[in-house]
Amino acid sequence: MITTLASWAGLAAESGGRPGPERTVPALARWLGEELPRIAVHPAAGEFSKEVHRLAAGARRVVSPGPAHRATVGTCMEPGCDGKLVATTGAGPGGLGEIRCDRDGAHSWTEHDWSRLRRRLAARSAARAGAAAEAPATRWLAPQDVSLLWRVPLGSVYRLASEQSWRRERRGGRSYYDEQDVRRTLDGRLTGPARP
């Protein structure tokens, strides 16, 4: 937002002879609002309108992401509970998706717990079929996924991977980190009890 608004403020300041504002979104937006009559007659007014509309739409999606999507994913994993697990995207803390039991709301898993829940569901399904549960395969997570799921800045992901010696796999010039190593480091940083 700052880059886009600052570029338009620079153009308006250059053509109007007025000094530009401080490089913050509120200051830039206020200043551009004051300059709107001059911008409206500029040949690039249409582009300005499109870009500001795109920024506003993006900001609205961040603060109000729209309706959550729901899907039933199985029966509850907690002992003695016969509720259904319902996945809801964008419903958890900070906009994370979650899986919650329809009988007991305390039975819930946010996105960073989903792979662990998936393994539990697979083991239960194998046990019901009388088959031995397979050893879980190593799951590799992209740094961007770690950042999103654990709400950790991307720079911190790279720093933690190095400091904690996370196992990594390289594919196509990109690094992926072992999910178990990531969990050992980051699950303790989350609030609430760890899940099995």
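Everything quoted here is computed from the prediction, not taken from an experiment.
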Exercise. Side chains of Leu160 and Leu186: closer than 4.5 Å at any heavy-atom pair?
Worked result: yes
Can you list, pair by pair, the side-chain donor-acceptor contacts under 3.5 Å of residues 5-14, counting residues two or more places apart and other chains?
| unit_1 | atom_1 | unit_2 | atom_2 | d |
| --- | --- | --- | --- | --- |
| Ser7 | OG | Thr4 | O | 2.8 |
| Trp8 | NE1 | Glu51 | OE1 | 2.9 |

Under the salt bridge (charged side-chain N to carboxylate O under 4.0 Å, His left out) rule, collect the residues that match up with [X], sequence neighbours excluded.
X: Arg168; value: none
X: Glu22; value: none
X: Arg103; value: Asp82

For this session: Would you kindly confirm whether Val86 and Trp109 end up in one hydrophobic cluster when ILVMFWY residues are joined by side chain heavy atoms under 4.5 Å apart?
Result: no
Approximate separation, where rounding is to 0.5 Å, of [X] [atom1] and [Y] [atom2]:
X: Glu34; Y: Leu36; atom1: CD; atom2: CG; value: 10.5 Å
X: Ser108; Y: Leu85; atom1: OG; atom2: CG; value: 10.0 Å
X: Phe48; Y: Glu35; atom1: CZ; atom2: CD; value: 10.0 Å
X: Leu141; Y: Arg183; atom1: CG; atom2: CZ; value: 8.0 Å
X: His107; Y: Asp102; atom1: NE2; atom2: CG; value: 11.5 Å

Problem set entry | Counterpart residues, side chain to side chain contact (heavy atoms under 4.5 Å, CB included), relative to Ile2 (two or more places apart) | Arg23, Val25, Leu28
Problem set entry | Contacts of type side chain to side chain contact (heavy atoms under 4.5 Å, CB included), residue Ala87, not counting sequence neighbours | Val73, Ile99
Problem set entry | Side-chain cluster (under 4.5 Å, hydrophobic types only) that Val41 belongs to, other residues | none
Exercise. What residues join Trp140 in its hydrophobic cluster, counting side-chain heavy atom gaps under 4.5 Å, either direct or through other members?
Worked result: Tyr176
Could you list the residues that satisfy side-chain hydrogen bond (donor to acceptor under 3.5 Å, both in side chains) with [X], not counting sequence neighbours?
X: Arg174; answer: Gln144
X: Thr24; answer: none
X: Arg30; answer: none

Problem set entry | Shortest non-hydrogen contact between Cys81 and Cys101, atoms and distance | SG-SG, 3.5 Å
Exercise. Got a sec, which residues hit ring pair (Phe, Tyr, Trp, His ring centres under 6.0 Å) with Trp31, two or more places apart in sequence or on another chain?
Worked result: none
Exercise. Side chain of Arg100, backbone of Gly105: donor and acceptor closer than 3.5 Å?
Worked result: yes
Exercise. Going through the checks in order, is the salt bridge (charged side-chain N to carboxylate O under 4.0 Å, His left out) test met by Asp181 and Arg167?
Worked result: CA-CA 7 Å; Asp181 291 347; Arg167 288 169 287 188; 2.8 Å; yes
